[in-house]
Chemist: 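Here it is: the structure, laid out below.
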Protein chains: 2
Amino acid sequence: MERSTREAMERVNRSRYKLTRQRSKIIETLVATAGEHLSAEEIYGLVTLEAPDIGLATVYRTLDLLVTLGIIEKTDFGDGRARYELASPGDDHRHHHLICSGCGIITEVKDDLLDDLESTLEREYDFCITDHRLEFYGRCASCRSD
Amino acid sequence: MERSTREAMERVNRSRYKLTRQRSKIIETLVATAGEHLSAEEIYGLVTLEAPDIGLATVYRTLDLLVTLGIIEKTDFGDGRARYELASPGDDHRHHHLICSGCGIITEVKDDLLDDLESTLEREYDFCITDHRLEFYGRCASCRSD
DNA sequence: ATCCGTGCAAAGTATTTGCAACCTA
DNA sequence: TAGGTTGCAAATACTTTGCACGGAT
């Protein structure tokens, strides 16, 4: 079993919530598709391939739980459905994406690029920033050549 | 009549779409509430105060139209409903907001702060950026004092 | 007369909730 | 065993669509 799978399961165990078969399966799926930004329905589709008895409501409830525990992050890219991804370990402050309007692929930008900017804004607007979200829209290399 | 109201109406007139009573009323409302980031339902509520016969579907259709014409922008702040604001004149490239998790108020950040960053990313990821969206979450001055 | 625009109601999509049965710690 | 958890179906929330009527050119 992958390290991050075990880590996530242990975090559920340490919480006041139970690690059920359904939750395990959903965590496995999320780890296996890391970097893909799946929607609840897509996760449901994958999960039911191996465990057809799991209900969509359970997927939603589990995703909520995992967000609460900080194991995953929920993001809305404006396409009308929420998308989920494993939280960056050790940091809950990096949500940068490149979104291609051609093929829809979402690429992670690894670094936190905004620290300087944040200090400036905090001063200028008297606002205490705890998190941010940054998305760039455009066209990726392969869609530009079409 | 406010200048931006007239400007918006002229842009509709110049398009292949008609400037109807309903569309005028909706534009007026959007100009009157500039800076408030209203949802479709909220706009509908305001519009029907003065023109109770306007339907919710018309509000949605008109908002779509105004987005298409570049008169307003549609943004999703992740609260499950779309929000609309007048487009920044002369620039379609500035979507920066400070969102207070205490009172929910959304403050505009005026400047486009990301030009340098964009050049770097375009090179690094071979991605042609056409737009971006930047949101900061935290607490505003008055919510911090609670 | 034509064609766009409208209101209404129905449909659609994403997500949440009530509840009895079930399962895990 | 006790209480969290589940599947199902129904409910909810937001948005879109079908359609016949209405209005402007």
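Below, read A as the first sequence line, B as the second, and so on, with proteins coming before strands; counting in each chain starts at 1.
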Chemist: Within this structure, what is the CZ-to-C1' distance between R16(B) and dG5(C), rounded to whole angstrom?
Modeler: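 Rounded to the whole Å, the gap is 12 Å.
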Chemist: Over how many whole Å does the gap from D79(A) atom CG to dT15(D) atom P extend?
Modeler: 14 Å
Chemist: To the side chain of R61(B), which of dT17(D), dT5(D), dC8(D) is closest?
Modeler: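 Comparing dT17(D), dT5(D), dC8(D) against the side chain of R61(B), the answer is dT17(D).
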Chemist: Is I99(B) linked to V67(A) within one hydrophobic cluster, defined over Ile, Leu, Val, Met, Phe, Trp and Tyr using a side-chain heavy-atom separation of less than 4.5 Å?
Modeler: no
Chemist: A57(A) has a side chain; which of dA9(C), dT15(D), dA9(D) sits nearest to it?
Modeler: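 For A57(A), the side-chain atoms sit closest to dA9(D).
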Chemist: May I ask you to evaluate whether Y60(B) reaches the phosphate of dT15(D), defined as a side-chain N or O under 4.0 Å from OP1 or OP2?
Modeler: yes
Chemist: Distance check needed: dC14(D) P versus F77(B) CZ, whole Å only.
Modeler: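 Rounding to the nearest Å, CZ of F77(B) and P of dC14(D) are 16 Å apart.
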Chemist: Starting at atom CG of N13(A), determine the distance to atom C1' of dT5(D), rounded to an integer number of angstrom.
Modeler: 15 Å
Chemist: For residues 42-49 of chain A, please give each side-chain donor-acceptor pair under 3.5 Å, one per line with the distance, not counting sequence neighbours.
Modeler:
residue: E42(A); atom: OE1; partner: S39(A); partner atom: N; Å: 2.8
residue: E42(A); atom: OE1; partner: S39(A); partner atom: OG; Å: 3.4
residue: E42(A); atom: OE1; partner: R83(A); partner atom: NH1; Å: 3.1
residue: T48(A); atom: OG1; partner: Y44(A); partner atom: O; Å: 2.7
residue: T48(A); atom: OG1; partner: G45(A); partner atom: O; Å: 3.1

Chemist: Taking atom P of dA14(C) as reference, at what distance in whole Å does atom CG of L63(A) sit?
Modeler: 15 Å
Chemist: Of V12(A), L30(A), L65(A), L63(A), which is the lone residue that meets side-chain contact (heavy atoms from CB on, under 4.5 Å) with I71(A)?
Modeler: V12(A)
Chemist: Could you state the OH-P distance from Y17(B) to dC3(C), rounded to the nearest angstrom?
Modeler: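 Taking atom P of dC3(C) as the reference, OH of Y17(B) is at 16 Å.
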Chemist: Does any donor atom in the side chain of E135(A) or H96(A) lie under 3.5 Å from an acceptor atom in the other side chain?
Modeler: no
Chemist: Taking R133(B) first and then D76(B), would you say they form a salt bridge - that is, a charged N and a carboxylate O separated by under 4.0 Å?
Modeler: no
Chemist: In whole Å, what is the span from the OH atom of Y84(A) to the P atom of dA14(C)?
Modeler: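 Distance, rounded to whole Å: 12 Å.
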Chemist: On DNA chain D, nearest-nucleotide positions of Y44(A) versus L65(A): which is more 5'?
Modeler: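 Looking at the nearest nucleotide for each, L65(A) comes out on the 5' side.
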Chemist: Specify the residues of residues 18-41 of chain B, ordered by number, for which at least one heavy atom lies under 4.0 angstrom from an atom of DNA chain C.
Modeler: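 Those residues are K18(B), T20(B), Q22(B), R23(B).
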Chemist: Would you indicate what I54(A) reaches in the nucleic acid, counting non-hydrogen atoms under 4.0 angstrom: base, sugar-phosphate, or nothing?
Modeler: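 Counting heavy atoms under 4.0 Å across all strands, the contact made by I54(A) is with sugar-phosphate only.
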Chemist: Kindly compute the distance separating OH (Y84(B)) from CG (L66(B)), expressed to the nearest 0.5 Å.
Modeler: 10.0 Å
Chemist: Return yes when atom OH of Y137(B) has more than 12 non-hydrogen atoms of other residues, nucleotides or ligands closer than 6.0 Å, and no otherwise.
Modeler: yes
Chemist: Atom CZ of R81(A) to atom P of dT16(D): distance rounded to whole Å?
Modeler: 13 Å
